[in-house]
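In what follows, every chain begins at residue 1, and chains take the letters A, B, ... in the order their sequences are listed.
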There are 2 protein chains.
Amino acid sequence: MKISELSRRTGVPVASIKYFRREDLLPAGRATAATLAEYGEEHVQRLRLIKALTTLGGLSIAATRDVLAAVDQAESTDKTLEAISYALPVPVTAASAGDADRDAEAESAAEADVAGLIEAMDWQVPDTSPHVRGLTMALRELRRLDADYRPERLVAYAELARSIARLDLERAAAFDDSPALAEQAVIVLALSGPLLELLRRLAQEDQVRRRGAL
Amino acid sequence: MKISELSRRTGVPVASIKYFRREDLLPAGRATAATLAEYGEEHVQRLRLIKALTTLGGLSIAATRDVLAAVDQAESTDKTLEAISYALPVPVTAASAGDADRDAEAESAAEADVAGLIEAMDWQVPDTSPHVRGLTMALRELRRLDADYRPERLVAYAELARSIARLDLERAAAFDDSPALAEQAVIVLALSGPLLELLRRLAQEDQVRRRGAL
DNA sequence: AAGACTAGATAGTGGCAGTATCTTCTTAGG
DNA sequence: CCTAAGAAGATACTGCCACTATCTAGTCTT
């Protein structure tokens with residue numbers, strides 16, 4: 001199909017399709033002449049995936065490129081899952097310096113909290129994992145706010161997080177080595193977060209309303 | 001204290017403090033002269049909260065303003081919780097049109113899924129809730145991708161979301177009408193999402209590694 | 001042969017989150 | 001008393017991002 005039809009079928013403007021091409025989110029069409037190319041169903045599907053990852057998953061164009069690169073370089077199920085897991089951006093990246101003493105204290109306390117949690121959960125993750133660093137930064141910020149996230153509380157959340165991860169992985173890995181694996185895996189790994197967040201917010205709203213009704 | 005000290009203690013540049021003032025995220029200091037004002041501990045705390053909401057919570061300046069406004073207008077516990085719940089932005093807002101038939105089908109199917117879920121969970125939320133609309137949009141996108149989120153699967157996630165919301169609300173409401181209520185509530189309601197996401201990602205990483213090791 | 005498309009390159013736009021500058025004023029130290 | 005060092009508030013500027021538009025050269029359709 002021609003680019004105008006690709007645009008029509010996906011609802012993505014032609015200029016945006018070209019932009020995604022430039023940014024390497026979308027493979028080139030099969031060139032039939034110097035100024036003409038033919039696109040297929042794989043392009044339609046890829047554009048749908050791009051839209052889902054950016055609008056639903058909230059990924060930047062750069063992050064989407066990394067994730068899609070992991071999808072395209074799929075070797076084995078395990079390698080694919082790992083690549084996607086690392087390609088997904090870690091929410092919480094920056095931070096800044098304030099009171100030096102208070103900061104240093106919060107930092108080391110947060111590190112201890114994370115180490116303790118990983119120990120308690122028997123999680124096998126390296127200290128260098130971006131998720132570990134992200135969690136450390138998050139706990140440091142919460143400590144600065146004097147928010148009460150004690151170990152046992154953290155463990156309660158972590159247990160639920162583990163349950164969710166189990167649900168996700170069951171689904172992501174159920175497509176063993178089939179060609180659809182990588183795409184389904186990326187959908188599950190990248191989009192179950194936002195979905196869960198929405199469900200959590202709904203559950204929160206329900207409980208707030210029930211409180212109000214008492 | 002003067003603005004330079006406020007800046008030093010929080011690590012926020014003076015220009016940014018002024019920016020937050022302009023955007024009404026931060027109350028004015030107590031003016032002692034035409035070009036001089038005095039800031040207090042409440043400003044330090046507020047700046048910490050702003051930083052946490054924007055960096056950790058990922059809120060925009062506009063969303064942060066709305067949330068803080070809800071905090072400042074705290075009346076009763078219930079009203080405060082409700083106001084914060086609605087002030088928090090719903091992840092997933094936009095979408096676009098593509099194939100008309102497929103879209104209409106996905107839309108109504110998503111609406112039915114959401115209605116069924118709310119029924120199954122016995123959630124008391126109005127159809128007009130932004131969370132309901134957000135969830136509908138999310139499910140529509142997932143349908144477009146042919147992702148397999150059947151009702152029973154959705155319910156499994158929803159049950160976990162409910163457990164998390166219970167943990168959150170227990171904490172948010174434990175500060176009954178104390179002056180610290182609103183701030184602790186906003187921390188719990190706005191920041192437990194990113195924290196949970198980090199824990200989920202860690203749990204995911206752990207499980208991916210264990211698979212690989214088999 | 002004309003008009004509608006197209007690929008790819010390059011340039012422009014709008015929104016966001018700051019950051020910098022400018023003017024007018026205050027005040028502490030010499 | 002005078003002056004240098006801030007400070008307040010207004011306005012302007014910057015950098016990044018995700019598009020969006022334009023331009024050139026080439027192709028297909030009737």
J.: Identify whether any heavy atom of A:Ser4 sits under 4.0 Å from a base atom; if not, whether one sits that close to sugar-phosphate; answer base, sugar-phosphate or nothing.
T.: sugar-phosphate
J.: Side chain of A:Ser60: nearest nucleotide among D:dA18, C:dA7, D:dC19?
T.: D:dA18
J.: How many whole angstroms separate atom CG of A:Asp24 from atom P of C:dG8?
T.: 12 Å
J.: Could you give the OH-to-C1' distance, from B:Tyr19 to D:dC13, as a whole number of Å?
T.: 14 Å
J.: For A:Leu117 and A:Leu139: C-alpha separation, side-chain torsions, deciding distance, then whether side-chain contact (heavy atoms from CB on, under 4.5 Å) applies.
T.: CA-CA 12 Å; A:Leu117 179 69; A:Leu139 290 182; over 6 Å; no
J.: Could you tell me the separation between the CZ atom of B:Arg22 and the P atom of D:dA12, rounded to a whole number of Å?
T.: 12 Å
J.: Is B:Arg200 paired with A:Asp168 through a side-chain N to carboxylate O contact shorter than 4.0 Å?
T.: yes
J.: Checking contacts here: which listed nucleotide (D:dC19, D:dT27, D:dG6) is nearest the side-chain heavy atoms of A:Ala33?
T.: D:dT27
J.: Would the number of heavy atoms belonging to other residues, nucleotides or ligands and lying under 6.0 Å from CD of B:Glu23 be above 12?
T.: yes
J.: Let me know the distance between NZ of B:Lys2 and C1' of D:dA8, rounded to the nearest Å.
T.: 14 Å
J.: Does A:Ser16 put a side-chain nitrogen or oxygen below 4.0 Å from OP1 or OP2 of D:dA18?
T.: no
J.: Identify, between A:Glu5 and B:Leu59, the residue whose nearest nucleotide on DNA chain C lies closer to the 5' end.
T.: A:Glu5
J.: Counting heavy atoms not belonging to A:Asp127, are there more than 12 under 6.0 Å from its CG?
T.: no
J.: Classify A:Ala15 by what it touches in the nucleic acid, base, sugar-phosphate, or nothing, heavy-atom distance under 4.0 Å.
T.: base
J.: By the 4.0 Å heavy-atom rule, please label B:Thr32 as base, sugar-phosphate, or nothing.
T.: nothing
J.: Tell me: CD1 of B:Ile17 to P of D:dG6, nearest whole Å?
T.: 15 Å
J.: If each of B:Ile61 and B:Ala34 is mapped to the nucleotide of DNA chain C with the nearest heavy atom, which maps nearer the 5' terminus, i.e. the 5' end?
T.: B:Ile61
J.: Across the strands shown, which category fits B:Thr54 at heavy-atom distances under 4.0 angstrom: base, sugar-phosphate, nothing?
T.: nothing
J.: Under 4.0 Å between a side-chain nitrogen and a carboxylate oxygen: does that hold for B:Arg102 and B:Asp146?
T.: yes
J.: Could you tell me how far apart B:Arg65 (CZ) and C:dC16 (C1') are, to the nearest whole angstrom?
T.: 12 Å
J.: Please give, in whole Å, the distance from C:dG8 C1' to A:Leu26 CG?
T.: 14 Å
J.: Does B:Lys18 reach a base, just sugar-phosphate, or nothing at all? Heavy atoms under 4.0 Å.
T.: base
J.: Starting at atom CD of A:Glu23, determine the distance to atom C1' of C:dG8, rounded to an integer number of angstrom.
T.: 14 Å
